[in-house]
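Some notes on the structure that comes next.
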Amino acid sequence: MFSGYLQQGIVGRAAKNGIVRVNLINIRDFAKGRHKSTDDRPYGGGDGMVMKPGPLYRALQSVEKNRGQSLVIFLSPQGEVFDQATAWELSNSDQIILVCGRYEGVDERIREHWLDRELSIGDYVLTGGELGAMVVMDAVSRLVPGVLGGKRSNAEDSFQDGLLENPQYTRPPVFQGSEVPAVLLSGDHEKIRLWRRVESLKRTRDRRPDLLRTAELTQEDEIVLAGLRENP
Ligand code: 4HQ
């Protein structure tokens, strides 16, 4: 599941160049017995299967620990919801161990003693933690210095100051009869800056008003928002 992702794109290149290091471990390699099973029936009965503690424990023990701090994260819908602030926080770690569960979950004793943190990528149910792990890898890696190679500024991306991005345009100036806003062609940088900020604020108010409560708003933003309330 990870190989396609790691062979392509920005994080794949960063891994190839050693800016981030990715080590994949297959829990099944640590299973015992003829069937190499990593799951078993839940005590007390019920549907579904639970990941056996043994193989998971041995897999975790096998991880070469980096010097510095190393964080064991379990992907699960029961975790705190992963967001950009968490991505920034994790981008300062020396090592992140992302544990991908299958089946209904892990034996609670592993959760209690070996997992530092539980993260959810959103309120829906996946068939396994792998896609969640790739989401976390992707969002965290792009914040590691050198990964984006200065091609894009982090500061301009959505969520960096807690607001959604303003609309974007590129050539041609007229496409199927629809024009690029004149201000963007005006060359007036101050006017353009203000237009972008107003569009960002409008878009956030319309689509994600919840973000306005935690966004970093300037006095100018507050004035714009007050104006929008009177004259939407
Ligand atoms: N699962 N965010 C159940 C998720 C999930 C999510 C991963 C399904 C763990 C055991 N992971 N397995 N949402 O739904 O991260």
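All ligand and atom numbering here is 1-based and tracks the order in the structure. None of the values given here were measured: they were computed from a predicted structure.
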**Request:** Take R111 and E108 through the test salt bridge (charged side-chain N to carboxylate O under 4.0 Å, His left out) and record every step on the way to the result.
**Result:** CA-CA 5 Å; R111 191 187 240 126; E108 192 64 21; 2.9 Å; yes

**Request:** Specify whether W114 and Y57 have parallel, tilted or perpendicular ring planes, treating 30° as the upper limit for parallel and 60° as the lower limit for perpendicular.
**Result:** perpendicular

**Message:** R205: which residues meet the side-chain contact (heavy atoms from CB on, under 4.5 Å) condition with it, sequence neighbours left out?
**Reply:** K202, L212, L228, P232

**Asked** Around ligand 1, what residues show up once you keep those with a heavy atom under 4.0 Å from it?
**Response** L75, S76, P77, G101, R102, Y103, L119, S120, I121, G122, Y124, V125, L126, G128, G129

**Prompt:** Going by an N to O cut-off under 4.0 Å, is there a salt bridge joining E112 and R109?
**Reply:** no

**Request:** Name all residues meeting the side-chain hydrogen bond (donor to acceptor under 3.5 Å, both in side chains) criterion together with D221; count only those two or more places apart in sequence or in a different chain, and write none if there are none.
**Result:** R197, T218

**Message:** Under the rule for side-chain hydrogen bond (donor to acceptor under 3.5 Å, both in side chains), what residues qualify as partners of R41, not counting sequence neighbours?
**Reply:** none

